[in-house]
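Report on the following structure.
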Amino acid sequence: MPPLEIGITRTLIVAGAIASRDYQDVHHDPELARRKGSPDIFMNILTTNGLVGRYITDHFGPHAVLRKVAVRLGAPNHPGDTMVLTGTVEEVSGDTATVRVVGANGVGRHVTATVTVTLPAGGAG
């Protein structure tokens, strides 16, 4: 699958946290994040999960149905990072595919995910 570059902005991090009702200070308050040992605020797992889902539906089309998304976080996404998502289709069975997604930033691997997606009759959008 082609890579998707996502610029990690302060707005993306804060908006994702608010949208997912994650009010932990490390996702919106730089000073409190620093006091807790982080160099800045960082993206929450729910935003990462949403971006992985977007990557899959951007590729397979808007009618693709995400059946299972298993996400493991690694290096945090901070403002100013660029995360590059890449994907490999590992298995296809009928109308269902299993895709391995990796998202990396300048520090290392931010996310590793396995996504099970079902395509509507007629295939990708």
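Numbers for residues simply follow the sequence, beginning at 1. What you are looking at is a predicted structure, and each value in this text was computed from that prediction instead of being measured.
For residues 67-81, no residue pair satisfies the salt bridge (Lys or Arg N to Asp or Glu O under 4.0 Å) rule, not counting sequence neighbours.
Cluster annotation: Ile6 is connected to Phe60 through the hydrophobic network of ILVMFWY side chains, with a link wherever side-chain heavy atoms come within less than 4.5 Å. Note: the hydrophobic cluster containing Leu73 does not contain Val26 (ILVMFWY, side chain heavy atoms under 4.5 Å, direct or indirect links). Taking hydrophobic clusters as Ile, Leu, Val, Met, Phe, Trp and Tyr residues chained together by side-chain heavy-atom distances below 4.5 Å, Val71 shares a cluster with Ile56.
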Give every donor-acceptor pair under 3.5 Å between a side-chain atom in residues 9-19 and any protein atom, sequence neighbours left out.
from	atom 1	to	atom 2	distance (Å)
Thr9	OG1	Leu12	N	2.9
Arg10	NH1	Asp40	OD1	3.1
Arg10	NH2	Asp40	OD2	2.8

Table please: side-chain donor-acceptor pairs of residues 109-116 below 3.5 Å, with sequence neighbours left out.
from	atom 1	to	atom 2	distance (Å)
His110	ND1	Ala75	O	2.7
His110	NE2	Thr48	OG1	2.7
His110	NE2	Asn77	ND2	3.2

Pairs of donor and acceptor atoms involving the side chains of residues 82-97, under 3.5 Å and at least two apart or interchain, shall be tabulated with distances.
from	atom 1	to	atom 2	distance (Å)
Thr96	OG1	Thr118	OG1	3.4

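Partners of Leu46 under the side-chain contact (heavy atoms from CB on, under 4.5 Å) rule, at least two apart in sequence or in another chain, are Ser20, Asn44. Applying the salt bridge (charged side-chain N to carboxylate O under 4.0 Å, His left out) criterion to Asp25, with sequence neighbours excluded, gives Lys36. Under the side chain to side chain donor-acceptor pair (under 3.5 Å) criterion, His28 pairs with no residue, sequence neighbours left out. Annotation: ring pair (Phe, Tyr, Trp, His ring centres under 6.0 Å) contacts of His27 (sequence neighbours excluded): Phe42. Arg35 is linked by a salt bridge (charged side-chain N to carboxylate O under 4.0 Å, His left out) to Glu31, counting only residues two or more places apart in sequence or in another chain. Every residue two or more places apart in sequence or in another chain was checked for a salt bridge (charged side-chain N to carboxylate O under 4.0 Å, His left out) with Asp22, and none qualifies.
Counting heavy atoms from C-beta on, the side chains of Asn105 and Ile8 never come closer than 4.5 Å. Side-chain contact between Val99 and Tyr55: absent, with no pair of heavy atoms (C-beta onward) separated by less than 4.5 Å.
Cluster partners of Val65, using a side-chain heavy-atom cutoff of under 4.5 Å among ILVMFWY residues and allowing indirect links: none. Hydrophobic cluster membership of Val107, counting Ile, Leu, Val, Met, Phe, Trp and Tyr whose side-chain heavy atoms lie under 4.5 Å apart directly or via other members: none, as it forms a cluster of its own.
Shown here for Ala64 and Val117, the closest heavy-atom pair between the two residues is CB-CG2, 3.6 Å.
Considering CG of Leu51 and CG of Leu4, their distance stands at 8.0 Å, rounded to 0.5 Å.
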